[in-house]
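Note sheet for the following structure.
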Amino acid sequence: MEKFFIEPTRVTPLVNFDPEEGILEVKGRSSPENSILFYQKIIDNLDEFVNDGGDEFTANFSFEYFNTSSSKCLFDVFKKLSKISDAGKELIINWYYEEDDEDMMEAGEDYADLLDLDFNFLEIEEF
């Protein structure tokens, strides 16, 4: 399990994964050519965290936009996060959305409902 940072581009979000601190941050726009390839490193590292990580994990998500294929990959990320919770570790998921962006808020609510996860919904002014 390694710490990694991915700089944002116009089609990929910033990703900061720090297993020692127990934190994942994903922020920006997500419409990569190959979403599965882009999100696989996050999923693999979360898998390792379930078995070898600390007792607490915080995941922060702040999207301006994500496309359909990213949505499926995010669902897989949240499934891995639920395994962290299932393993008895403390899990905090923060879902940031721009004020007046009801679609993005509802997307977070859908993930939370589908996987029976507790999200903190936090309104921000603008990206």
Apply side chain to side chain donor-acceptor pair (under 3.5 Å) to S71 and Y111, showing your working. CA-CA 10 Å; S71 175; Y111 288 124; 3.0 Å; yes
Which atom pair, heavy atoms only, marks the closest approach of [X] to [Y]?
X: W95; Y: G108; answer: CE2-CA, 3.4 Å
X: N67; Y: P32; answer: ND2-O, 4.3 Å
X: T12; Y: E7; answer: OG1-O, 4.2 Å
X: E64; Y: D101; answer: O-OD2, 4.4 Å

Tell me, please, which residues at least two apart from N60 pass side-chain hydrogen bond (donor to acceptor under 3.5 Å, both in side chains). N94
Which distance, rounded to the nearest 0.5 Å, do you find between the [atom1] of [X] and the [atom2] of [Y]?
X: E25; Y: T58; atom1: CD; atom2: OG1; answer: 11.5 Å
X: L91; Y: K83; atom1: CG; atom2: NZ; answer: 13.5 Å
X: S85; Y: E90; atom1: OG; atom2: CD; answer: 9.5 Å
X: M105; Y: E123; atom1: CE; atom2: CD; answer: 8.5 Å
X: F75; Y: D110; atom1: CZ; atom2: CG; answer: 10.5 Å
X: E21; Y: N16; atom1: CD; atom2: CG; answer: 10.0 Å

Within 6.0 Å of [atom1] in [X], more than 12 heavy atoms from elsewhere:
X: N51; atom1: CG; answer: yes
X: D118; atom1: CG; answer: no
X: D116; atom1: CG; answer: no
X: E102; atom1: CD; answer: no
X: E20; atom1: CD; answer: no
X: I43; atom1: CD1; answer: yes

Look only at the side chain of S35 and the backbone of C73, and say whether a donor-acceptor pair between them is shorter than 3.5 Å. no
Do K89 side-chain atoms and G54 backbone N/O form a donor-acceptor pair below 3.5 Å? yes
Just do the salt bridge (Lys or Arg N to Asp or Glu O under 4.0 Å) check on K72 and D76 with the steps written out, would you? CA-CA 7 Å; K72 166 65 173 106; D76 293 340; 2.9 Å; yes
Hey, does [Y] have a side-chain heavy atom less than 4.5 Å from the side chain of [X]?
X: F66; Y: M104; answer: yes
X: F121; Y: E109; answer: yes
X: M1; Y: F17; answer: yes
X: R29; Y: F63; answer: no
X: Y39; Y: V15; answer: no
X: I84; Y: L81; answer: yes
X: V26; Y: L14; answer: no
X: F5; Y: D18; answer: no

Would [X] and [Y] show up in the same hydrophobic cluster when neighbours are defined by side-chain heavy atoms closer than 4.5 Å?
X: F49; Y: I6; answer: yes
X: I42; Y: V50; answer: yes
X: L115; Y: Y97; answer: yes
X: L117; Y: V77; answer: yes
X: I23; Y: F4; answer: no

Between F78 and F61, is the ring centroid distance below 6.0 Å? yes
Output all residues satisfying salt bridge (Lys or Arg N to Asp or Glu O under 4.0 Å) with E2, sequence neighbours left out; order by chain, then residue number. K41
